[in-house]
2 protein chains.
Amino acid sequence: MTGGPAEPVRPLRLPETAPAMRLTTFTDYSLRVLMYVAAHPEGRATIGEIAAAYAISENHLTKVVHFLGKEGYLTNLRGRGGGLQLSRPATQINVGEVVKATEGGDVPAECFERESNCCAITADCKLKFALGAAVRAFYDELRRHTLEDVARNRRALTRVLLAPPAAGGYDRSRRRKSASASAKPARP
Amino acid sequence: MTGGPAEPVRPLRLPETAPAMRLTTFTDYSLRVLMYVAAHPEGRATIGEIAAAYAISENHLTKVVHFLGKEGYLTNLRGRGGGLQLSRPATQINVGEVVKATEGGDVPAECFERESNCCAITADCKLKFALGAAVRAFYDELRRHTLEDVARNRRALTRVLLAPPAAGGYDRSRRRKSASASAKPARP
DNA sequence: TATAAGATGCGTATCCTATGCAGCTTAAAT
DNA sequence: ATTTAAGCTGCATAGGATACGCATCTTATA
């Protein structure tokens, strides 16, 4: 595992650090799916349809949709003529709740995990409270919005989403260029 | 790269998703370093000293410290007898600013990146504003605290930090057990 | 019974993050 | 001057997380 012939060249990355505090695409896609379905209240939307509209991976979307079904946001109907519907009206789907579900809780740092925490100063560290409050503030702000709010201009959304995607389907090449040239990797 | 004999067994991970919106250890260490130095206002702290106190990697700390120096939080003195000092009094070092610097800005999702954004509905999507406000709320809450606040009980901190670490130095085995058994990977 | 949809389980390609390490530079002691 | 104790710098790498791809099964409708 350590030995072996050295790889040819390898593209050469910059280590250092990069931004965190960022939503996963899982969350991103979750919200997009919900907005799509909300914008199409009549018929049922399908995974393929949504993937094409946003030009994103159908495979990954499948899992997102399944998750949203399990969580009670979507009603997923199998079989021919099946598809997706909102389980509740958009006014009763809260953006903060969705994000919390898809992001999996509010644990901003190691000190918040009961089990694995091994920071030496936990007991006397006030930072914990500050961080906890900040995360709470984040979700509180998100909780002020419902799916209805964010997908409000349904007409415009529907128009955009029904238009055929620019080129072919999903182009996985242009994604996350990690356009970080902001803070740390700056070398004079 | 695609072919080749299948690897023996491989520990078998669960894919799906896991929590994001979490601080990097880079940020974690940055805050710990500042708290340490704040708790030792007389002499100068050294990297080795701090790494030992928290039982964390000296190598990584080196880069953290260097970064904090570049950003103007620390004054790093080289050479024998050198070490670290706060560049400003702790009352003038803001936790929110530090986190923003170490986390590298407030870009919670793809739609916020001018360049690489390719979400189909950006123009008509209100979600962007909600997310932006939430991130702002996060930092606003953090900005309410200074290093002086979080490192307030200096006496207790100093006591804990000066105590020798439990066992030997830095044990890199127990870290980030990713104790996620909360949301998605639940399979009945 | 064909067909269209979602469900599932497994494999994998990249990243990202956190480190390791070797050598260099700077500055205070001796 | 020379030693020595710091931090600086530029590689390299490991390990885990994320986001997919793919094949197959299940369900339900026509």
Side-chain angles (χ1 to χ4, degrees), chain A residues 1-2 4 6-7 10-20 22-29 44-49 51 56-70 74-84 104 170 172-173 175-178 180 184-185 187-188, chain B residues 1-4 6-7 10-20 22-29 44-49 51 56-70 74-84 170 172-173 175-178 180 184-185 187-188:
Chain A
M1 235 166 279
T2 319
E7 296 286 309
R10 205 89 75 91
L12 190 57
R13 288 149 295 154
L14 317 180
E16 295 281 309
T17 28
R22 159 186 214 120
L23 301 179
T24 56
T25 51
F26 191 96
T27 296
D28 186 7
Y29 289 2
R44 291 165 188 158
T46 70
I47 293 179
E49 201 182 313
I56 59 183
S57 158
E58 188 168 336
N59 287 304
H60 201 196
L61 254 198
T62 296
K63 287 153 193 177
V64 169
V65 161
H66 176 55
F67 175 73
L68 291 174
K70 273 201 316 180
L74 288 182
T75 301
N76 305 3
L77 299 166
R78 294 170 141 196
R80 186 169 191 166
L84 316 168
Y170 157 57
R172 70 199 171 299
S173 70
R175 284 204 56 248
R176 275 222 189 183
K177 296 172 61 178
S178 82
S180 61
K184 283 133 292 168
R187 45 180 172 186
Chain B
M1 234 167 274
T2 319
E7 296 284 312
R10 204 91 75 92
L12 189 58
R13 289 149 295 152
L14 316 181
E16 297 282 309
T17 28
R22 160 186 212 118
L23 301 179
T24 56
T25 50
F26 191 96
T27 296
D28 185 9
Y29 289 2
R44 291 163 188 160
T46 70
I47 293 179
E49 199 182 315
I56 60 184
S57 158
E58 189 167 338
N59 286 307
H60 200 196
L61 255 198
T62 295
K63 285 151 194 179
V64 169
V65 161
H66 176 54
F67 175 73
L68 291 174
K70 272 201 317 181
L74 288 182
T75 301
N76 304 3
L77 299 165
R78 294 169 141 196
R80 186 168 191 167
L84 317 168
Y170 157 58
R172 70 199 170 298
S173 70
R175 283 205 55 248
R176 276 221 188 183
K177 296 173 62 179
S178 83
S180 63
K184 282 132 296 168
R187 45 181 173 185

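Numbers restart at 1 for each chain; the letters A, B, ... are given by sequence-line order, proteins then strands. No experiment lies behind these values; they were computed from the predicted model shown.
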Open item on the list: Without decimals, in angstroms, what is the distance between H60(B) NE2 and dG15(D) C1'?
Closed with: 14 Å
Task: Within-4.5 Å side-chain heavy-atom neighbours: V65(B) and N76(B) - done: yes
Task: Interatomic distance where CD belongs to E58(A) and P belongs to dA7(C) [whole Å] - done: 13 Å
Open item on the list: If you define the side chain from C-beta out and look only at heavy atoms, does anything of L74(B) sit under 4.5 Å from H66(B)?
Closed with: no
- [ ] May I have the distance from I47(B) (atom CD1) to dT9(D) (atom P), rounded to whole angstrom?
- [x] 12 Å
Task: Euclidean distance, K70(B) NZ relative to K63(B) NZ, rounded to 0.5 Å - done: 12.5 Å
- [ ] Compare side-chain N and O positions of S57(A) against OP1 and OP2 of dG21(D) and report whether any pair is under 4.0 Å apart.
- [x] yes
Task: Of T27(A) and G82(A), the one whose closest DNA chain D nucleotide lies more 5' - done: T27(A)
Open item on the list: So T75(A) and L84(A), do their side chains get closer than 4.5 Å, heavy atoms only?
Closed with: no
Open item on the list: How many whole angstroms separate atom NZ of K63(B) from atom C1' of dG20(C)?
Closed with: 8 Å
Open item on the list: Using OP1 and OP2 only, check whether a side-chain N or O of H66(B) sits under 4.0 Å from dG7(D).
Closed with: no
Open item on the list: Output the rounded distance in Å from CG (L68(B)) to P (dC8(D)).
Closed with: 11 Å
TODO: Give one of base, sugar-phosphate or nothing for N76(A), where a contact means two heavy atoms less than 4.0 Å apart.
DONE: sugar-phosphate
Task: Separation of atom CZ in R78(A) from atom C1' in dT26(D), rounded to whole Å - done: 5 Å
TODO: Taking the side chain as every heavy atom from C-beta outward, state whether L23(A) and D28(A) have any pair of such atoms under 4.5 Å apart.
DONE: no
Open item on the list: Please tell me if Y29(B) has a side-chain N or O lying less than 4.0 Å from either OP1 or OP2 of dT17(C).
Closed with: no
Task: Phosphate OP1/OP2 of dT19(C): any N59(B) side-chain N/O under 4.0 Å - done: no
Open item on the list: Does dA5(D) have OP1 or OP2 under 4.0 Å away from a side-chain N or O of T46(B)?
Closed with: no
Task: Integer-rounded Å distance: dA4(C) P and L77(A) CG - done: 18 Å
TODO: Could you tell me the separation between the CZ atom of R80(A) and the C1' atom of dA4(C), rounded to a whole number of Å?
DONE: 6 Å
